[in-house]
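A short write-up of the structure that comes next.
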Number of protein chains: 2
Amino acid sequence: MAAQESHEEEVPTRERILREASRLFSRKGYHGTSTREIAEAVEIRQPSLFHHFPSKRDIMSELIDIDHGESSIVAERQAAGKGSAALRLYRYLVWDIAFICRCAYDLTSVELVVDDPIFADKMAKRDALVIARRSMIEQAIDSGEFVSVDADLAEKAIVWILRGDIADTAGQAVPDADVVADQLASFILRALLEDASQLGEIRAAGSITEV
Amino acid sequence: MAAQESHEEEVPTRERILREASRLFSRKGYHGTSTREIAEAVEIRQPSLFHHFPSKRDIMSELIDIDHGESSIVAERQAAGKGSAALRLYRYLVWDIAFICRCAYDLTSVELVVDDPIFADKMAKRDALVIARRSMIEQAIDSGEFVSVDADLAEKAIVWILRGDIADTAGQAVPDADVVADQLASFILRALLEDASQLGEIRAAGSITEV
DNA sequence: GTCTATAATAGGATAGAC
DNA sequence: GTCTATCCTATTATAGAC
């Protein structure tokens, strides 16, 4: 399909820093990872990092932006759409889970710092995502597609599943991203649908527009 | 030495350290929290901490033990039981979620360090929990109570929901712990049951406080 | 763009008075 | 059990050569 990188492909240093930093941040936390460890993983010396990023914080900051960027756009577009809210939620979920699975960075790291005050400036975009997801759930409850659960609690359960999926698969270039995305999205929909037999229809309709 | 605080219950310093440390570790991470910050929250000086705990690591270590202790016992007992596996899974879930909600400490902190190599010695008990949960799911799939999902993926989704619930409610002494426990356990069961109409029976048989 | 050398500071932990 | 004073190491970041 896509043109393969040559066998002696050179990943730019800046890119390698993001990859290795995301991996280390995920295991040991942002504060638990030193710039020396990142540099060692990238196979450069510690001060060389600062040629590519002005500070350690800016490395994490870029990873947060990558995580929040497209997800909130997709969620807001689906939340504002017409027709079955259950289908729109499914479409958003499949897109987001596949994105997480395919990402070259381990975005667990982002989830571990969401409450850290030093990244408080990044919370606005996250709030937008929460609102869009809850809106879709509320629409589906109002239309009778979903059982009348607590919309807040359901939204939280979804976030937690997405977050867990991030922790588990991100940065690994999962080969069957679409299969995992469908399985998890189906798990969530089955928990919410008033009539579980509608899941087949939704899955069929959701994959039609798939990339 | 110090004047007694009227009729208010006096919380021992050691206990206050665990509470404040768990709260700070959850927001800022284990490495992101300094012993000076913990001491400030407890309203003592930094070196006084070391009269109660030999090291900062030992504070976190105790929180991990509190989190893992009873959960694994309950899960293993239910996994080894007889009768409906769906009911046993529900009972374990309700117990664990209510425990998380009622705990005086913010056990999110524990979840944030599970992959940190410096707490690698704490992973054995965690593995026991994973095995017990997956066993219950497999039993329920084999008996036809659950749809034939990927048992690994389902176990992970459950962990993620529990973990999220920890992040969201722990350390807050949630008043309606049993209600939250039933709602979340029901969400999980509905996602897994072959026949969703069986949920009512399971809740009646397994829940302590009906909703 | 990467290196060596180093500045500047924050952090965990100890000693010993009271 | 808590305090003050302090040690020592690890850490982020800068300066300047090549």
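None of these values were measured; they are calculated from a predicted model. Chain letters run A, B, ... following the sequence lines, proteins first, then strands; residues in each count from 1.
- The nearest whole Å value for the distance from the CZ atom in A/F53 to the P atom in D/dA13 is 13 Å.
- No donor-acceptor pair under 3.5 Å is formed between the side chain of B/R36 and the backbone N or O of B/Q46.
- Atom CD1 of A/I59 and atom P of D/dT11 are 15 Å apart (whole Å).
- Look at B/H31 and you won't find any side-chain N or O under 4.0 angstrom from OP1 or OP2 of C/dG11.
- In this structure a side-chain-to-backbone donor-acceptor pair under 3.5 Å is missing from B/S71 to B/D96.
- Rounded to an integer number of Å, the gap from A/E40 CD to D/dA10 C1' is 15 Å.
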Return the polar atom pairs (N/O with N/O) between nucleotides 3-7 of chain D and the protein under 3.5 Å, or none.
| from | atom 1 | to | atom 2 | distance (Å) |
| --- | --- | --- | --- | --- |
| D/dC3 | OP2 | B/R45 | N | 2.5 |
| D/dC3 | OP2 | B/S48 | OG | 2.9 |
| D/dT4 | OP2 | B/R45 | NE | 3.2 |

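- Among pairs with a residue in residues 39-50 of chain A, those fulfilling salt bridge (charged side-chain N to carboxylate O under 4.0 Å, His left out) read A/R16-A/E43, at least two apart in sequence or across chains.
- Look at NZ on A/K56: it is 12 Å from C1' on D/dA10, rounded to the nearest Å.
- The CD1-P distance, from B/I17 to C/dG12, rounds to 14 Å in whole Å.
- Side-chain N or O atoms of B/R14 include one that pairs as donor or acceptor with a backbone N or O of B/H52 at under 3.5 Å.
- Close to D/dT2, at under 4.0 Å from its OP1 or OP2, lies a side-chain N or O of B/T13.
- Scanning for side chain to side chain contact (heavy atoms under 4.5 Å, CB included) contacts around A/D182 gives A/Y90, A/S186, A/R203, with sequence neighbours left out.
- Residue A/H51 has its side chain nearest to C/dG1 when only C/dA13, C/dG12, C/dG1 are considered.
- Between C/dG11 and B/T35, no contact under 4.0 Å exists linking OP1 or OP2 to a side-chain N or O.
- At whole-Å resolution of the value, CG in A/L24 and P in D/dT11 are 13 Å apart.
- Distance CD (A/E10) to C1' (C/dT2): 15 Å, rounded to an integer number of Å.
- Between A/F50 atom CZ and D/dA15 atom P the separation is 13 Å, expressed in whole Å.
- In this structure the side chain of B/Y30 never reaches within 4.5 angstrom of the side chain of B/L112, judged on heavy atoms.
- With hydrogens and angles disregarded, a donor-acceptor distance shorter than 3.5 Å links the side chain of B/D150 to the backbone of B/L153.
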